[in-house]
Number of protein chains: 2
Amino acid sequence: MTTRGRIDKRQAILEGAFTVFAREGYAQACVQDIARESGVAKPTVYNHMTDKATLFRNALEAAAQTALAGRVAALEPLAASQDDLRATLEEVAHALLRLHTDSRSCALKRLLYSEINHFPDILEIVKESGPDRLNQALADRLARLALAGRLRAADPDLAAEQFLALLLGPLEARSRLGTRTLEDAELRTMAAAAVDTFLRAWAAP
Amino acid sequence: MTTRGRIDKRQAILEGAFTVFAREGYAQACVQDIARESGVAKPTVYNHMTDKATLFRNALEAAAQTALAGRVAALEPLAASQDDLRATLEEVAHALLRLHTDSRSCALKRLLYSEINHFPDILEIVKESGPDRLNQALADRLARLALAGRLRAADPDLAAEQFLALLLGPLEARSRLGTRTLEDAELRTMAAAAVDTFLRAWAAP
DNA sequence: AGGAATTTGAACTCATCGGTTCAACGTAAC
DNA sequence: GTTACGTTGAACCGATGAGTTCAAATTCCT
């Protein structure tokens with residue numbers, strides 16, 4: 001395994017940094033550990049990133065990008081107009097739950113919460129590519145379904161917000177803030193419960 | 001200059017500690033600042049608390065206790081069987097939203113998320129007196145309403161979980177993780193939307 | 001009033017860590 | 001080969017902060 005140029009190291013550093021930050025928190029994570037985790041020397045880290053702070057920002061931004069991509073992709077089944085709406089919603093809900101219980105996702109959320117005071121700017125960066133985008137994408141799908149007469153037509157943005165709330169709200173307590181791994185069966189039950197209530201409130205009359 | 005030797009410095013220390021921890025995070029908060037914030041000398045802090053870690057635990061536990069008390073008290077209007085169920089639910093929902101947007105509450109949540117890895121035991125302490133208790137208390141109220149024929153009888157625990165999810169889920173994005181203060185009017189709108197959807201799904205058929 | 005307990009300020013120890021420097025070491029391009 | 005550049009390990013500097021010590025000051029209890 002030989003070093004193949006700068007791009008590899010940079011990527012390794014960003015991933016290693018996120019891993020260590022996620023495990024230790026910003027202040028407790030020391031650059032030496034990040035270097036070791038990335039399989040790189042400490043001066044190399046400072047060769048790519050000017051600061052520990054910018055290292056943190058870049059690592060979080062990269063993690064947020066990949067997280068968002070997966071979540072939006074999980075909405076895909078809603079694109080094709082399905083005949084069994086409930087089954088499709090449950091499938092999407094289950095996929096979203098799985099993505100939100102991923103350890104990297106939980107770590108990202110934790111880091112956001114913990115360092116939002118010291119890095120107010122990461123809120124802009126991540127929020128831009130965060131839940132807002134997911135909400136938007138879901139609202140688009142729901143609007144199409146409303147147009148097709150499957151859902152109530154009123155306010156697809158609100159419908160999306162409440163769908164995600166019903167789905168992800170219980171997750172926090174159930175997963176014990178991300179420290180407990182949930183069985184797949186439990187995820188399915190949660191998805192079904194959320195979809196059931198959502199449809200009772202939002203199905204076309 | 002300051003009153004020396006006052007009784008019950010312990011309380012002042014716990015409150016000051018929470019304030020500083022909330023502002024700085026665990027690692028960045030230095031005991032000197034906590035002492036200053038509490039109007040107390042540094043050795044006095046160590047006279048009451050053996051460690052920075054136990055100081056943190058105790059401060060969080062105290063904050064969680066008071067937060068829970070307020071929230072359960074906010075459910076009070078549901079006790080007396082009201083004739084206008086929607087109005088009562090909206091009142092309770094609005095009160096809960098106000099409590100959850102309180103800066104101390106947001107700080108508590110942030111601290112929980114950020115230090116859950118370094119202090120796994122605070123999850124037990126706080127969760128015991130946290131959302132679980134609130135959910136339980138609300139489920140009790142909803143069960144009485146179901147018995148009175150106002151709500152669907154099926155699973156009051158799930159109903160409570162979903163009511164809180166509908167109400168508090170959107171809060172995270174709207175308040176920008178607790179960094180934005182929401183207008184009272186917006187809180188009322190959110191409460192009304194949550195209650196509306198909840199009743200559409202859970203009102204007695 | 002008087003003794004016990006607590007508080008206080010300041011200085012001190014010791015460890016950690018961000019960030020830098022530097023000489024030696026690949027490695028890739030020409 | 002040689003030139004240029006990124007990488008490496010190690011050592012170093014300066015700052016910060018946890019936790020302690022201690023004598024003096026203050027408060028509490030009786």
Side-chain angles (χ1 to χ4, degrees), chain A residues 1-62 111 114-115 117-119 121-122, chain B residues 1-62 111 114-115 117-119 121-122:
Chain A
M1 220 27 109
T2 60
T3 59
R4 294 194 310 258
R6 307 185 61 211
I7 307 300
D8 267 355
K9 301 267 181 188
R10 185 189 174 83
Q11 195 60 242
I13 289 171
L14 285 179
E15 284 174 21
F18 182 79
T19 301
V20 176
F21 280 135
R23 186 173 57 228
E24 306 286 348
Y26 175 74
Q28 279 101 329
C30 81
V31 179
Q32 188 67 259
D33 285 351
I34 293 177
R36 187 169 20 245
E37 176 78 29
S38 315
V40 143
K42 186 160 79 143
T44 306
V45 174
Y46 284 102
N47 190 22
H48 285 268
M49 306 284 176
T50 67
D51 244 349
K52 187 186 180 186
T54 60
L55 174 57
F56 183 69
R57 271 184 263 262
N58 289 346
L60 247 65
E61 186 172 359
L111 284 174
S114 57
E115 303 303 331
N117 278 340
H118 296 83
F119 299 91
D121 51 312
I122 66 174
Chain B
M1 67 170 69
T2 57
T3 60
R4 299 171 82 168
R6 275 188 57 187
I7 51 171
D8 227 2
K9 304 254 177 187
R10 194 181 248 98
Q11 193 63 24
I13 290 173
L14 285 179
E15 284 175 22
F18 182 80
T19 300
V20 176
F21 280 135
R23 186 174 55 227
E24 306 286 349
Y26 175 76
Q28 280 100 330
C30 83
V31 179
Q32 188 67 259
D33 286 350
I34 292 176
R36 187 168 22 246
E37 176 78 29
S38 315
V40 143
K42 186 162 75 146
T44 306
V45 173
Y46 284 101
N47 189 22
H48 286 269
M49 307 284 175
T50 67
D51 243 349
K52 187 185 180 185
T54 61
L55 174 57
F56 183 69
R57 269 184 265 261
N58 289 346
L60 246 65
E61 186 172 359
L111 285 174
S114 56
E115 302 303 331
N117 278 339
H118 297 82
F119 300 91
D121 50 312
I122 65 173

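Here is the naming used below: chain letters follow the sequence lines, and residue numbers restart at 1 for every chain. Computed from a predicted model, the values in this text were never measured in an experiment.
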Could you tell me the separation between the [atom1] atom of [X] and the [atom2] atom of [N], rounded to a whole number of Å?
X	N	atom1	atom2	value
Gln32(B)	dC12(C)	CD	P	16 Å
Ile34(A)	dT8(D)	CD1	C1'	18 Å
Asp8(B)	dT27(D)	CG	C1'	15 Å
Arg10(B)	dT7(C)	CZ	P	9 Å
Asn47(B)	dG9(C)	CG	C1'	15 Å
Arg36(A)	dT7(D)	CZ	C1'	17 Å
Gln28(B)	dT16(C)	CD	C1'	14 Å
Asp51(B)	dA18(D)	CG	P	11 Å

Decide yes or no for [X] and [Y]: does some side-chain heavy atom of the first lie under 4.5 Å from some side-chain heavy atom of the second?
X	Y	result
Arg10(A)	Asn58(A)	yes
Glu115(B)	Gln28(A)	yes
Tyr26(A)	His118(A)	no

Is there a donor-acceptor pair under 3.5 Å between the side chain of Lys52(B) and the backbone N or O of Ala29(B)?
yes

Please confirm whether the backbone N or O of Ala22(A) pairs with a side-chain atom of Asn117(B), one donor and one acceptor, at under 3.5 Å?
yes

base_contact_polar (dG19(C) base, Lys42(A) side chain, donor-acceptor, <3.5 Å)
yes

Per the atom types in the model, does the base of dG19(D) pair as donor or acceptor with the side chain of Lys52(B) at under 3.5 Å?
no

Between [options], which one does the side chain of [X] approach most closely?
X	options	answer
Tyr46(B)	dT7(D), dA18(D), dG9(D)	dA18(D)
Val31(B)	dT8(D), dA18(D), dT7(D)	dA18(D)
Cys30(A)	dG19(C), dG9(D), dC17(C)	dC17(C)

Please figure out whether Tyr26(A) or Pro43(A) has its closest DNA chain C nucleotide nearer the 5' end.
Tyr26(A)

Across the strands shown, which category fits Ala35(B) at heavy-atom distances under 4.0 angstrom: base, sugar-phosphate, nothing?
nothing

Report which part of the nucleic acid Ala27(A) touches: base, sugar-phosphate, or nothing (heavy-atom distance under 4.0 Å, all strands).
nothing

Would you indicate, yes or no, if dT6(C) has its OP1 or OP2 atom less than 4.0 angstrom from a side-chain nitrogen or oxygen of His48(B)?
no

